Amino acid sequence: MYALIDVNNCFVSCERLFRPDLRNKPVVVLSNNDGNVVARSNEVKALGIKMGVPLFQIKHLVKKHNIHVFSSNYELYGDISERIMTIIEQFSPNMQIYSIDEAFIGLQGFDYFNLNELAQKIKNEIWKQIGMPVCVGLAPTKTLCKVANRIAKKYPQLNGTYVIDSEEKRIKALKWLRVEDVWGISSGFIKRMEFKNIKSAYDFTLLDDFWTKKHLSIVGLKLKQELQGTDCIKIDDMAIKKSIACTRSFDVMVTELEELKKRIANYTAHASIKLRKQKSDCNSILIFLQTNPFRKELPQYYNKIIITFPYATSSSITLIKKAIQGIEYLYKDGYQFKKAGIVLMNFTPSENKQIVLFNEEPIKHIPLMKVMDRINNTIGNNTVRIGSQGFDKVFKMKQEFRSNRYTTRFSELIQLKV
DNA sequence: TCTGGGGTCCTAGGACCC
DNA sequence: TCTGGGGTCCTAGGACCC
């Protein structure tokens with residue numbers, strides 16, 4: 001058996017933690033630049049406001065229903081998430097953090113436990129220690145856990161937990177769930193199944209294996225078997241990432257290359273810190289640049305380049321140099337740019353670094369980065385930086401409605417003192 | 001006027017090999 | 001005029017997730 005612990009309306013619940021007066025009131029949290037709705041309270045869901053709609057399209061509803069609006073505050077959400085994960089970790093040595101608000105744990109060896117009691121205990125512990133509401137779904141496969149969790153969320157009388165531990169419960173749950181709500185089934189798959197007249201998740205499990213594999217690939221077949229109760233997706237320690245990205249839409253249109261270079265340098269610095277934190281090096285970086293696709297009346301441009309180097313590095317200096325080469329190559333005069341970003345790729349562990357004969361990177365970068373990270377960790381982000389990052393506010397964003405950094409202000413305070 | 005960010009996995013096809 | 005068979009590895013792009 002596995003358990004899936006999933007925070008209810010995560011970002012909204014984080015905001016409510018420090019604004020208890022907003023419980024039972026309609027609340028939304030927005031994406032960067034206050035663009036789209038990325039989290040909704042139950043009250044907002046009930047109004048029919050969909051995930052991902054742009055704020056400007058629902059301005060009238062915000063006013064009419066007195067919806068409380070927050071800009072995203074990822075520092076806060078990340079910190080709350082970490083605390084929740086620490087509690088979950090205590091229930092099983094076998095854990096996979098799936099996203100900022102979800103984690104699976106493996107329950108091998110829990111045969112003699114009352115699983116529903118265990119689920120309640122996890123839920124109550126997180127509520128008691130942190131004040132965040134979660135639902136817990138238990139089942140023999142991860143995909144069925146997702147189903148169980150959905151049921152736990154949907155029916156309040158279950159008190160936030162549900163266990164699928166019999167064939168009857170499995171079939172009942174799958175007949176209840178619409179196929180488009182199955183984890184891993186999206187519009188592409190639905191389209192390919194159109195003529196099969198499949199309505200429920202249960203209908204999906206009746207498909208022929210051969211047909212499923214042929215049209216929905218191994219992914220679809222695994223999904224089907226998972227729903228049938230065969231464990232196909234193992235717990236996977238996702239602690240080491242395979243790529244690290246930093247991309248941003250700009251608060252304003254940018255036309256100058258110098259401005260783009262500065263922004264790209266900051267994105268790269270940000271990503272390289274994450275890279276060093278997980279003790280990886282990379283040997284390629286993708287850089288992209290694009291205009292605003294919503295402004296169809298303006299000339300459009302999108303381009304990307306992948307720069308690969310014959311050695312692996314995590315040096316901000318080297319990576320920023322490559323990123324700037326990339327943006328210089330991509331830049332075109334006469335366009336108004338709205339978005340840019342970088343992705344670090346092809347990781348190797350730092351400790352068994354391959355020695356390269358013609359490495360162009362000075363060996364001094366390694367201790368230098370260590371010192372830089374240590375200073376920035378203790379005194380505050382960006383206290384020491386690479387010259388090309390400039391000295392402007394680092395990630396300029398429209399954030400009209402941001403809450404306080406309630407839990408992570410420590411470094412800011414020290415910075416003020418300095 | 002205003003439209004997010006960060007990931008994973010799979011596959012087809014190209015470029016090689018003998 | 002006729003032109004084989006069987007592999008591996010890599011990569012870009014697609015599809016999916018939260």
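Quick caveat, the model's predicted, so the values are computed rather than measured. Both backbone and side-chain heavy atoms feed into the values below; hydrogens, waters and symmetry mates do not. Residue numbers start from 1 in every chain, and the chains themselves are labelled A, B, ... in the order their sequence lines are given, proteins ahead of strands.
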Q: Could you tell me whether A:D165 and A:K169 have a side-chain N and a carboxylate O separated by less than 4.0 Å?
A: yes

Q.
Considering every strand and a 4.0 Å limit on heavy-atom distances, what is the contact class for A:C10: base, sugar-phosphate, or nothing?
A. nothing

Q. With nearest nucleotides of DNA chain B determined for A:K242 and A:G52 from heavy-atom distances, which residue corresponds to the more 5′ nucleotide?
A. A:G52

Q. Please give, in whole Å, the distance from B:dT3 P to A:N36 CG?
A. 8 Å

Q. Which comes earlier along DNA chain B counting from the 5' end, the contact point of A:M397 or that of A:M253, where each point is its nearest nucleotide?
A. A:M253

Q) Is a salt bridge present between A:K262 and A:E258, judged by a nitrogen-to-oxygen distance below 4.0 Å? A) no

Q: Decide yes or no on side-chain hydrogen bond (donor to acceptor under 3.5 Å, both in side chains) for A:N116 and A:Y162, but give the supporting numbers first.
A: CA-CA 7 Å; A:N116 201 52; A:Y162 191 68; over 6 Å; no

Q) B:dG6 P sits how many Å from A:F11 CZ, rounded? A) 12 Å

Q) Whole Å only: how far is the CG atom of A:L223 from the P atom of B:dT8? A) 19 Å

Q: Kindly confirm or rule out a cation-pi arrangement of A:K142 over A:F104, judged by NZ or CZ under 6.0 Å from the six-membered ring centre and within 45° of its axis?
A: yes

Q: Mind checking A:K339 for me? I need base, sugar-phosphate or nothing, with any heavy atom below 4.0 Å counting as a touch.
A: sugar-phosphate

Q) Do A:F18 and A:Y406 have ring centroids that are under 6.0 Å from one another? A) yes

Q.
Only Watson-Crick and G-U wobble pairs with both distances less than 3.5 Å should count. Give DNA chain C in dot-bracket notation, marking inter-strand partners with |.
A. ....||||||||||||||

Q) Where the side chain of A:N292 is defined as all heavy atoms beyond and including C-beta, which of B:dT3, B:dC9, B:dG7 is the nearest nucleotide? A) B:dT3

**Q.** Options B:dC10, B:dT8, B:dT3, nucleotide nearest the side-chain atoms of A:F294
**A.** B:dT3

Q. Between A:D208 and A:W211, is there a donor-acceptor pair closer than 3.5 Å when you use the side chain of the first and the backbone of the second?
A. yes

Q. OP1 or OP2 of B:dG6 sitting under 4.0 Å from any side-chain N/O of A:R248?
A. yes

Q) How would you label the contact of A:L30 with the nucleic acid (heavy atoms, under 4.0 Å): base, sugar-phosphate, or nothing? A) nothing

Q: Respond yes when some side-chain nitrogen or oxygen of A:N33 is under 4.0 Å from OP1 or OP2 of B:dG4, and no when none is.
A: no

Q: Could you please spell out the steps behind the side chain to side chain contact (heavy atoms under 4.5 Å, CB included) verdict for A:L76 and A:T407?
A: CA-CA 6 Å; A:L76 175 67; A:T407 60; 3.9 Å; yes

**Q.** Pairwise P distance for B:dT3 and C:dC18, with rounding to whole Å
**A.** 25 Å

Q | Distance in angstrom units between A:Q96 CD and B:dG7 P, rounded | A | 15 Å

(Q) Output the rounded distance in Å from CZ (A:F288) to C1' (B:dG4). (A) 11 Å

Q) Over how many whole Å does the gap from A:R295 atom CZ to B:dT1 atom C1' extend? A) 8 Å

**Q.** Minimum-distance nucleotide (side-chain atoms of A:S249 versus B:dC9, B:dG7, B:dG5)
**A.** B:dG5

Q: Apply side-chain hydrogen bond (donor to acceptor under 3.5 Å, both in side chains) to A:D281 and A:S314, showing your working.
A: CA-CA 5 Å; A:D281 289 346; A:S314 60; 3.2 Å; yes

Q) Should A:D373 and A:R385 count as an ion pair when the cut-off is N to O under 4.0 Å? A) no

Q) Taking atom P of B:dT3 as reference, at what distance in whole Å does atom CD of A:E400 sit? A) 13 Å

Q. How does protein reach along nucleotides 11-18 of chain C, written 5' to 3' as B (base within reach of a heavy atom under 4.0 Å), S (only sugar-phosphate), or - (no contact)?
A. --S-SSSS

Q) Base, sugar-phosphate, or nothing: which does A:L55 touch, judged by heavy atoms less than 4.0 Å apart? A) nothing

**Q.** Whole angstrom value for the distance that separates P of B:dT1 from CD of A:Q336
**A.** 14 Å

Q. Is a donor on one side and an acceptor on the other found under 3.5 Å between the side chain of A:Q389 and the backbone of A:I386?
A. yes

Q.
Test side chain to side chain contact (heavy atoms under 4.5 Å, CB included) on A:L298 and A:M253; report intermediate values, then the result.
A. CA-CA 12 Å; A:L298 298 175; A:M253 302 279 220; 3.7 Å; yes

Q: Using a cut-off of strictly less than 4.0 Å, decide whether A:K274 has a side-chain nitrogen or oxygen near OP1 or OP2 of B:dG6.
A: no

